[in-house]
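All of these numbers come straight from a predicted model, not from anything done at the bench. Below, chains carry the letters A, B, ... as their sequence lines are ordered, and counting in each starts from 1.
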Amino acid sequence: MIRAGIRTTVGGFDLAVDLAVDREITVLYGHSGAGKTLTLEAIAGLLTPREGRITLHDRVVFDSSAGVDVPPQRRDVGYLVQSYALFPHLTVAQNIAYGLGHLSRDERRGRVERFARMFGVDDLLQRRPARISGGQAQRVALARALVREPRVLLLDEPFAAVDSSNRRTMRRELRQLAQRLDLSVVTVTHDLTEAYNVGDRLAVIDRGRVLQAGPRDEVFHRPATARAAELLGVQNILPGRVVGADGGRVHVATGLGMVEALAESCPPADHVQLAIRAEQIILERPDRPSAERENRFQVTIIDEAAFGFSHTLVVRVDDAASGAPTLEIDVPAHPYQVLNVPTRRDWRIHIPPEAVHVIAD
Amino acid sequence: MRRAQTFTWGGLVVGLSAAILVAFIGIPVGALIARGFIEGDVLAALRSPVATTALWLSLATSAIAVAVAVVLGTPAAYLLARRSFPGRSVIDTLIDLPVVLPPVVGGLALLVALGRHGVIGGPLDAAGVDVAFTTGAVVLAQLFVAVPFYIRSARAGFESVDRRLEAVSATLGAGGWRTFRRVTVPLALPSLIGGAVMCWARALGEFGATIMFAGNVFGRTQTMPLAILEAIETDVDAALAIAIVLIVLAFAGLLVFKGLARLGGRVL
């Protein structure tokens with residue numbers, strides 16, 4: 001378990017992070033420069049915060065009010081830095097053995113061989129880091145960090161230097177590893193797909209602050225703020241005002257017209273932001289009559305881009321107030337073909353009420 | 001693929017000026033060596049007491065000077081490379097000062113400080129310790145002029161070590177000293193050895209500060225450069241022989257330094 005509540009300033013950048021990590025993989029997700037690496041450095045002891053408290057598995061390693069600051073070499077944290085930083089003058093075996101100075105020669109050799117096998121680098125032991133690939137370097141660095149059997153593993157952009165074809169395997173292996181070695185893992189990424197695929201929990205960090213942290217799906221589908229929604233890739237964010245509620249629904253007046261959302265997800269606020277993922281909006285043929293009229297809008301396609309598996313349409317709602325935002329809709333390749341989208345510009349869209357996430361403004 | 005070199009007037013001018021410069025350094029050095037071997041008997045002259053005594057004194061004093069430079073200079077170089085502290089740039093400049101200062105001024109400064117009536121020399125004298133005009137003074141004079149060469153090179157070496165490697169070392173349980181020994185020094189080693197070699201070459205050739213602070217006493221403070229000065233009036237062959245030894249040692253030192261610089265570039 002990791003508990004970190006720290007405040008510090010590094011070169012004019014304010015970091016004020018609160019983070020709680022249990023036995024699982026937590027992804028610290030944010031743009032570059034958001035403070036992700038600084039947070040890891042503070043946990044590892046490479047950066048001394050101005051104030052705050054950090055505990056690792058109930059052991060206080062930093063507490064500014066009590067004057068505790070355990071140096072990095074005694075924090076028992078495995079830290080995989082970005083691009084791995086293998087020691088260039090040592091062989092793979094010597095790199096892995098580096099942290100085992102406290103063991104006898106035989107124990108050390110046994111442990112190095114076991115971890116080298118575990119990470120599939122046992123045939124590289126006598127090589128220098130300059131002579132292995134990026135993927136191999138990542139495995140060696142992981143073996144080096146874990147051979148000391150820490151309970152906490154910090155990973156800074158662990159998949160950045162790995163081919164995308166190898167990433168999927170490595171993500172799965174990381175999850176297995178965390179379970180097998182009973183690790184609390186914090187991994188940092190600026191890649192949303194990676195954040196979603198790797199993490200059990202997700203913490204969104206922006207400008208030195210954790211905007212939101214929680215179980216992955218909850219954070220992903222229920223961003224706490226408009227900024228978090230934006231960072232989490234929600235393409236459509238509409239300001240609105242709650243004007244009424246009945247039958248489990250709330251009615252929100254927006255520039256597009258009235259939008260219905262589920263009441264259970266609605267915060268007690270009048271002014272709200274509606275976050276709607278592009279892939280959850282449904283495109284319909286306008287000439288097919290629909291029994292229900294709620295959350296259906298006549299639109300015109302004004303722009304379009306294809307991304308292989310899906311098409312992104314930018315549409316303007318026909319009856320929208322002036323200045324109302326356009327909407328983005330993702331249409332998978334198959335319905336795109338069936339509907340024969342390129343043949344016409346005017347369509348109808350349906351926004352399922354359960355796809356509308358209401359954020360207090 | 002290299003492009004074929006074609007003739008241009010500009011190329012001719014550049015080539016000519018380079019040739020003139022090479023000749024300017026090469027001819028005097030070559031002439032000295034030629035004269036030593038053709039007109040005199042260098043090997044016999046090297047066996048003269050003046051030459052052998054100066055040679056051994058030079059090797060001993062310069063070796064001690066380099067050892068002291070490494071022991072005291074390494075921490076200083078590390079501090080300059082890794083820490084920021086008030087007065088850092090002043091200290092940095094001060095350490096570089098002997099490189100541009102006329103050595104005789106350095107010798108005079110040492111004499112003023114460590115001479116019999118100096119700030120440090122006075123109390124030492126009262127305690128019965130003489131520094132000036134001893135073999136120890138030779139070492140101090142060499143250290144004074146040569147230590148910046150070591151510190152500059154060592155500092156550049158430490159600066160070239162990726163700090164993330166030191167950070168990773170710490171997270172792998174290594175304290176500051178172990179990290180320094182196992183990561184920082186091995187990676188900076190080519191620069192450290194190269195700096196020590198340059199420092200040694202400079203100490204070996206030291207003249208101005210030595211003659212000012214240590215004098216020119218046969219067997220005690222008369223190193224090779226000082227022996228040349230004396231021998232040139234009495235035994236030209238001996239002067240030439242010592243000069244040739246100095247040239248060979250300096251050349252070898254530079255070759256080692258450059259070899260290490262290339263090696264460093266390849267390893268890292």
Side-chain angles (χ1 to χ4, degrees), chain A residues 11 37-38 40-48 56 61 70-91 94-103 108 115 128-131 137 140-150 152-157, chain B residues 70 74-75 77-79 81-86 88-89 153-196 256-257 259-268:
Chain A
T37 299
L38 291 178
L40 293 192
E41 286 178 347
I43 296 171
L46 300 170
L47 172 88
T48 304
L56 304 176
V61 294
V70 176
Q73 63 266 28
R74 289 206 292 275
R75 287 205 181 182
D76 199 17
V77 165
Y79 186 16
L80 190 74
V81 301
Q82 210 171 349
S83 65
Y84 318 134
L86 295 178
F87 301 121
H89 59 302
L90 302 179
T91 62
Q94 289 167 331
N95 263 280
I96 298 175
Y98 187 89
L100 299 176
H102 54 292
L103 299 182
R108 203 153 58 209
F115 275 77
R128 295 279 169 128
R131 309 211 33 176
V140 174
L142 263 176
R144 180 179 66 176
L146 289 170
V147 76
R148 287 165 55 80
E149 301 184 337
V152 170
L153 178 62
L154 310 175
L155 306 167
D156 196 346
E157 299 279 2
Chain B
V70 169
T74 307
Y78 185 78
L79 282 180
R82 280 288 186 258
R83 302 268 188 277
S84 63
F85 46 87
R88 183 171 170 275
S89 62
S153 182
R155 179 189 167 175
F158 288 141
E159 277 170 353
S160 72
V161 176
D162 187 346
R163 303 189 73 156
R164 287 179 321 150
L165 296 173
E166 295 172 326
V168 165
S169 170
T171 66
L172 293 172
W177 173 239
R178 187 173 150 82
T179 297
F180 184 71
R181 236 167 12 91
R182 297 267 333 257
V183 176
T184 315
V185 167
L187 290 173
L189 199 59
S191 299
L192 299 184
I193 296 177
V256 169
F257 178 74
L260 284 168
R262 255 204 316 280
L263 190 74
R266 210 175 50 226
V267 168
L268 307 180

Review point. Is the side chain of A:Arg148 donor-acceptor paired with the backbone N or O of B:Leu172 at a distance under 3.5 Å, no angle test?
Key: yes
Point to revise | Which portion of A:Ala141 sits near chain B, non-hydrogen atoms under 4.5 angstrom | key: neither
Practice item. Answer with side chain, backbone, both or neither: which region of A:Leu86 has an atom nearer than 4.5 Å to a non-hydrogen atom of chain B? Key: backbone
Review point. So which of A:Ser83, A:Ala85, A:Gly45, A:Gly78 has the biggest tally of heavy-atom pairs under 4.5 Å with chain B?
Key: A:Ala85
Exercise for review: Could you tell me whether the side chain of B:Arg88 and the main chain of B:Leu79 form a donor-acceptor pair under 3.5 Å?
Suggested key: no
**Study point:** B:Arg82 side chain to B:Phe158 backbone, donor-acceptor under 3.5 Å
**Key:** yes
Practice item. Kindly assign one of parallel, tilted or perpendicular to the pair A:Tyr98 and A:Phe87, based on the angle between their ring planes and the thresholds 30° and 60°. Key: tilted
